[in-house]
Amino acid sequence: MSELVDQAPIERPFFFCGIGGSGMLPLAQLAQGFGYVVAGSDRSYDQGRTPEKFKWLDENGFTLFPQDGSGINSADQVLIASAAVEDTVPEVARANELGCKRMTRAELLAELFNEAGYSVAVGGTSGKSTVTGMIAWIMADADHDPTVMNGAVMKNFADEANPFASARVGSPRVFVSEVDESDGSIALYKPTIGVLLNVSLDHKSIEELRQLFGDFLAESGCAIINLDDEESRELASRASQKVTFGIHDQSADITVEPDSIEQTPLSIRAVLIDNRTREVFPLELPMPGLHNLANALAAIAAMSAAGIEITRCVYALGRFEGLARRFDVVGTSESGISVIDDFGHNPEKCAATLRTLKATESRVIAFFQPHGYGPLRQMGDELAQTFANELGADDITIMCDPVYFGGTVDRSAGTERIIDLIEQHGGSAQHIGARDACGDKIVEIAKPGDRIVIMGARDDTLSAFAKSVFERLS
């Protein structure tokens with residue numbers, strides 16, 4: 001990451017509780033790049049999980065402590081912790097004892113974001129990280145040197161020096177970030193350009209989501225809106241200025257010629273139309289799926305609103321390498337069995353991945369690790385319908401127990417209920433509690449030509465699990 005010389009560091013040091021998390025790590029990277037002193041702790045660090053990540057943090061100037069409160073030793077420190085972190089966590093207890101200021105991840109991010117002179121916020125239930133990465137790459141390719149906050153490693157910016165490039169430190173005056181609706185923090189951002197990809201059930205009720213995303217559009221200087229998504233389309237009137245996009249809605253400002261779409265297992269191409277000028281542009285993405293075509297249209301619409309020529313956007317996206325754990329092909333064995341690592345964890349994300357897999361012929365073995373007991377209760381019915389509807393008679397879904405790293409969450413309703421629902425909807429599914437045992441089952445039943453997808457969130461070891469399955473098949 002680059003060093004910033006035009007923004008003075010803040011004197012009060014930050015302590016990140018859960019510094020290795022997908023949301024905390026990139027923010028810690030930005031804070032350090034902006035001149036803050038950064039330290040942190042993480043339960044995974046104590047448990048020896050993903051040791052390469054914490055080794056990198058230690059070697060790059062992030063001071064690490066056990067999650068026992070020992071890192072909180074001064075009232076001058078600012079504790080950065082999720083709003084969901086309980087007061088019994090040692091860092092929180094110690095910070096309360098010393099009277100340390102506490103901020104959530106979103107509060108700190110929004111503060112940095114809103115200080116930028118030009119800002120792009122990407123919101124929606126699904127696709128945020130990919131579109132954020134696409135916009136970041138277009139802006140960097142056009143020499144605008146953006147600072148970027150993302151929830152996944154952006155392969156275009158990752159290298160040996162920084163393999164965990166879910167953030168990019170650039171100019172503090174140009175800021176691109178995905179913004180989260182799950183905790184309501186999307187309301188904190190005041191973007192120059194606000195992108196709304198879609199609105200669907202995830203962590204909140206649909207009524208709450210309509211209010212949050214509607215307010216987000218109203219707060220954006222220019223709103224980028226997906227006309228293919230009914231909920232987003234209904235909220236469009238909240239925007240004072242907008243650019244629209246859509247694959248199926250041909251009235252959108254940025255769309256494609258329907259007959260021009262060509263899909264392969266690893267790419268998609270189409271002829272893009274700018275209805276504002278009637279210009280057309282050939283677009284080819286080195287990644288599959290209609291959802292990624294829609295993501296590209298969102299990024300192009302946003303960057304055209306920012307004044308970057310569509311020709312330049314299309315050229316950059318032709319070299320977009322994607323994100324880690326977003327339909328990330330681990331490898332293909334000599335017998336033609338492919339293993340794919342994917343972040344799918346809610347109905348819409350899972351549906352997009354499964355549709356991409358089913359766009360070409362092959363049997364699909366879908367492994368899913370629920371990312372918590374709470375989310376499973378919230379969206380279990382829709383999730384079951386997704387796996388039953390998107391997969392065919394020959395395909396199979398295998399689920400283990402939900403992620404649980406401790407705490408007081410209600411664990412009375414687990415994966416078994418979802419398996420029953422999938423079967424009630426006509427799908428084929430199996431519950432195997434332990435993840436390693438799921439791996440054994442996958443290896444046992446895999447046949448030449450199968451495509452195996454490993455899906456789930458909030459667990460960095462899923463990528464290692466996907467790799468281990470592939471290695472056993474190879």
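Listed by chain and number, the residues in a side-chain hydrogen bond (donor to acceptor under 3.5 Å, both in side chains) with Asp249 are Ser251 (sequence neighbours excluded). Here Lys53 pairs with Asp460 under the side-chain hydrogen bond (donor to acceptor under 3.5 Å, both in side chains) rule; sequence neighbours left out.
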If you apply the rule salt bridge (charged side-chain N to carboxylate O under 4.0 Å, His left out), what do you find for Arg49 with Asp459, and how did you get there?
CA-CA 10 Å; Arg49 297 160 61 90; Asp459 185 350; 2.8 Å; yes

List the steps and the verdict of salt bridge (charged side-chain N to carboxylate O under 4.0 Å, His left out) for Arg363 and Asp450.
CA-CA 5 Å; Arg363 185 178 76 149; Asp450 283 350; 2.7 Å; yes

Start with the C-alpha gap between Arg173 and Asp145, add the side-chain angles, then the distance that decides, and say whether salt bridge (charged side-chain N to carboxylate O under 4.0 Å, His left out) holds.
CA-CA 9 Å; Arg173 295 180 296 274; Asp145 191 28; over 6 Å; no

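Salt bridge absent: Lys467 and Asp341 never bring a charged side-chain N and a carboxylate O closer than 4.0 Å.
One finds the CD1 atom of Ile206 at 8.5 Å from the CZ atom of Phe213 (value rounded to the nearest 0.5 Å). Between the CG atom in Leu462 and the CZ atom in Arg435 there is a gap of 5.0 Å [rounded to 0.5 Å]. Rounding to the nearest 0.5 Å gives a distance of 12.0 Å between CD1 of Ile273 and CG of Asp253. Taking CD of Gln29 as the reference point, atom CZ of Phe16 lies at 10.0 Å (rounded to 0.5 Å).
The main-chain N or O of Val179 is never found under 3.5 Å from a side-chain atom of Ser177 such that the two would form a donor-acceptor pair. Using modelled atom types, no side-chain atom of Glu230 and backbone atom of Leu227 make a donor-acceptor pair closer than 3.5 Å. Remark: the backbone N or O of Leu357 is paired with a side-chain donor or acceptor of Arg451 at under 3.5 angstrom. Looking at Asp342, its side chain never comes within 3.5 Å of a backbone N or O of Met455 through a donor-acceptor pair. Within the 3.5 Å criterion, the main-chain N or O of Ile310 finds no donor-acceptor partner in the side chain of Glu279. Side-chain atoms of Thr255 never come within 3.5 Å of backbone atoms of Ala252 as a donor-acceptor pair (strictly under, hydrogens ignored). In this structure a side-chain-to-backbone donor-acceptor pair under 3.5 Å is present from Asn292 to Pro288. Judged by distance alone, the side chain of Ser338 and the main-chain N or O of Thr332 form no donor-acceptor pair under 3.5 Å. Not a single donor-acceptor pair under 3.5 Å links the side chain of Thr461 to the backbone N or O of Ala464. Proximity of a side-chain donor or acceptor of Asn389 to a complementary backbone N or O of Gln385 within less than 3.5 Å is detected.
A tilted orientation is assigned to the rings of Phe54 and Tyr45, their planes being inclined by 30° to 60°.
In this structure, the side chains of Leu283 and Leu293 come closer than 4.5 Å at one or more pairs of heavy atoms. Between Val330 and Asp328, every side-chain heavy-atom pair lies at or beyond the 4.5 Å cut-off. Cys350 places none of its side-chain heavy atoms less than 4.5 Å from the side chain of Glu390. Side-chain contact between Glu178 and Asn150: present, with at least one pair of heavy atoms (C-beta onward) separated by less than 4.5 Å. By the 4.5 Å heavy-atom criterion applied to side chains, Leu30 and Met149 are counted as neighbours. Between Asp42 and Met24 the shortest side-chain heavy-atom distance does not fall below 4.5 Å. Residues Asp274 and Ile254 have side chains in contact (heavy-atom distance under 4.5 Å, counting atoms from C-beta outward). Annotation: side chain of Arg168 is in contact with side chain of Pro146 (closest heavy-atom distance under 4.5 Å).
Arg326 and Thr130 are not linked by any side-chain donor-acceptor pair at a separation below 3.5 angstrom, with hydrogens and angles left out of the test. With hydrogens and angles left out, the side-chain atoms of Ser129 and Arg325 include no donor and acceptor closer than 3.5 Å. Side-chain contact check for Ser200 and Glu348: at least one donor-acceptor pair (N or O, by modelled atom type) lies under 3.5 Å.
The only option from Asp395, Thr353, Ile340 that meets the side-chain contact (heavy atoms from CB on, under 4.5 Å) definition with Val364 turns out to be Asp395.
Taking every heavy atom of both residues into account, Val403 and Gln369 meet most closely at CG2-NE2, 3.0 Å. Scanning both residues, Ile19 and Ala28, for their nearest heavy atoms gives CG1-CB, 4.0 Å. For the pair Val469 and Gly439, the tightest heavy-atom approach, listed with the atom from each and the gap, is CG2-CA, 4.4 Å. The shortest non-hydrogen separation linking Met379 to His345 is CE-O, 3.2 Å.
Counting heavy atoms of neighbouring residues, nucleotides and ligands inside a 6.0 Å radius, atom CD of Glu284 exceeds 12 of them. For CD of Glu52, the number of neighbouring non-hydrogen atoms (other residues, nucleotides, ligands) closer than 6.0 Å is greater than 12.
The ring pair (Phe, Tyr, Trp, His ring centres under 6.0 Å) contacts involving residues 290-333 comprise nothing, where partners must be two or more places apart or lie in separate chains. Residues in residues 434-474 take part in these ring pair (Phe, Tyr, Trp, His ring centres under 6.0 Å) pairs, two or more places apart or across chains: Phe367-Phe465. Within the structure, every pair that satisfies the salt bridge (Lys or Arg N to Asp or Glu O under 4.0 Å) test and touches residues 125-141, not counting sequence neighbours, is listed here: Lys128-Glu181, Asp141-Arg312, Asp141-Arg319.
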Sequence neighbours left out, cut at 3.5 Å: what donor-acceptor pairs do the side chains of residues 415-427 make with other protein atoms?
residue, atom, partner, partner atom, Å
Thr415, OG1, Cys400, O, 2.8
Arg417, NH1, Asp381, OD1, 3.1
Arg417, NH2, Leu376, O, 3.4

